[in-house]
There are 2 protein chains.
Amino acid sequence: MTKETIDTADVNVDNRYSACLLFSANALARVITAIGDEEFGRLGLAYSHAYLLREVVDQPGVTPTQLSNTLFLTPSTITRLIEKLEQKQLVERRAEGKNTKVFPTIKGEQLRDEVVAAWLRTWDRYSNAIGEEQVKTLTQQIFKAAQSLGAV
Amino acid sequence: MTKETIDTADVNVDNRYSACLLFSANALARVITAIGDEEFGRLGLAYSHAYLLREVVDQPGVTPTQLSNTLFLTPSTITRLIEKLEQKQLVERRAEGKNTKVFPTIKGEQLRDEVVAAWLRTWDRYSNAIGEEQVKTLTQQIFKAAQSLGAV
DNA sequence: AATTATTGTTTGCACATACAAATAAGGATT
DNA sequence: AATCCTTATTTGTATGTGCAAACAATAATT
């Protein structure tokens with residue numbers, strides 16, 4: 001377990017990058033993803049796989065395009081994620097005309113509760129680190145900003 | 001130019017993911033990175049390359065470890081970024097004992113002003129989308145959160 | 001002085017993501 | 001009906017990032 005670390009102990013908190021949204025947003029995403037992958041990783045899933053799986057379990061027959069819109073990921077990325085989940089036999093695809101419908105397998109359905117549980121654990125970890133209230137407001141602001149910027 | 005798009009027009013703003021920090025943070029990072037890469041892309045650089053280059057120009061002889069701490073990226077990632085910049089002949093490495101020191105080339109130094117200019121352009125675009133004041137506060141909050149969560 | 005531990009850097013591998021182009025199916029227009 | 005246009009999905013390729021392990025150099029301990 002020789003996980004690479006970043007030693008921030010001696011970093012000036014007010015370095016120039018703290019004033020840069022591009023930098024900060026990516027830093028936050030990486031830190032948070034690390035935590036998320038740690039929790040979802042116990043189920044053998046990356047966080048985005050877990051999200052997609054849950055979406056498929058809750059909406060059997062959902063199409064890649066719909067998933068793309070819901071998860072804010074491009075169609076090609078969705079295809080790749082589905083491929084991975086198919087390999088793990090958690091979902092399966094059925095072609096219908098020009099659409100592809102994605103269904104959960106039994107194995108996939110059975111994993112749902114664990115996914116939700118992992119989800120709650122990540123929430124707890126964020127809350128412990130920065131406070132439950134702060135998690136809420138920050139999430140809201142971030143989501144709104146992402147929407148505004150995405151529309152540009 | 002058949003860039004993949006994500007159609008968010010018909011997405012419910014209050015879907016369950018808007019309440020999830022992991023999801024929102026990554027969505028924001030992707031949107032923002034797309035804008036940043038567009039601006040820095042004119043210089044033939046990804047945004048992280050631009051950041052690293054600026055760091056090297058401003059602190060000639062900086063080591064990968066220092067860069068790792070400043071840029072919140074793991075040492076291996078730093079190595080990869082340096083390799084890329086070396087290929088473009090914008091920086092060069094000199095081994096000194098167990099340390100590696102990174103210096104800008106003349107070509108690299110000449111690019112500095114353009115990097116700063118691109119930086120300002122990204123700032124303008126964020127401000128136009130979500131307001132200058134909001135960019136400031138959001139950036140601050142995000143950076144703080146990243147620090148708190150990173151320390152866990 | 002010799003061995004062990006620590007620190008700094010790089011490398012092999014893997015993964016999430018995206019762009020651009022390809023393919024395929026439906027719809028629209030003539 | 002035949003042609004063009006649009007929409008849905010997949011595929012080839014590339015990039016940024018990280019983990020784990022390898023390597024190299026210095027420091028610490030015996």
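Every chain is numbered from 1 and lettered A, B, ... according to where its sequence line falls, protein lines coming before strand lines. Only heavy atoms go into these numbers, but all of them, side chains included; no hydrogens, no water, no symmetry mates.
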A/E55 and A/Q59: side chain to side chain donor-acceptor pair (under 3.5 Å), yes or no, with the steps?
CA-CA 6 Å; A/E55 209 58 36; A/Q59 300 180 57; 2.7 Å; yes

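- Between A/T79 and D/dT11 there is no side-chain N or O to OP1 or OP2 distance below 4.0 Å.
- DNA chain D is contacted by B/G97, B/K98 of residues 93-102 of chain B, taking any non-hydrogen atom closer than 4.0 Å.
- In terms of position along DNA chain C, the nucleotide closest to B/P75 lies nearer the 5' end than the nucleotide closest to the other residue of the pair A/L73 and B/P75.
- Atoms CG (B/L71) and P (C/dT9) sit 14 Å apart, rounded to a whole Å.
- By the side-chain contact (heavy atoms from CB on, under 4.5 Å) test, A/R121 pairs with A/E39, A/R42, A/A117, A/A118, sequence neighbours left out.
- Within 4.0 Å of A/T63, counting heavy atoms only, lie sugar-phosphate atoms of the nucleic acid but no base atom.
- Distance A/R80 CZ to D/dT11 P: 8 Å, rounded to the nearest Å.
- The nucleotide whose nearest atom lies closest to any side-chain atom of B/S76 is, among C/dT17, D/dC19, C/dG8, D/dC19.
- Within the structure, every side-chain polar atom (N or O) of B/Y51 is placed at least 4.0 Å from both OP1 and OP2 of D/dG16.
- Screening residues 86-117 of chain B for ring-ring contact (aromatic ring centres under 6.0 Å, His included), with sequence neighbours left out, gives no hits.
- For the pair A/I82 CD1 and D/dT9 P, the computed distance is 8 Å after rounding to whole Å.
- Every residue was checked against the salt bridge (Lys or Arg N to Asp or Glu O under 4.0 Å) condition with A/E114, not counting sequence neighbours, and none meets it.
- Across all strands, A/I78 comes closer than 4.0 Å to no nucleic acid atom at all (heavy-atom distances).
- Taking only side-chain nitrogens and oxygens, B/H49 comes nearer than 4.0 Å to OP1 or OP2 of D/dG16.
- Nucleic acid contact class of B/A34 (heavy atoms, under 4.0 Å, all strands): none.
- With sequence neighbours excluded, no residue forms a salt bridge (Lys or Arg N to Asp or Glu O under 4.0 Å) with B/E133.
- In this structure, B/E109 has no salt bridge (Lys or Arg N to Asp or Glu O under 4.0 Å) partners at least two apart in sequence or on a different chain.
- Contact annotation: side chain of B/T74 to base of D/dC19, donor-acceptor pair absent below 3.5 Å.
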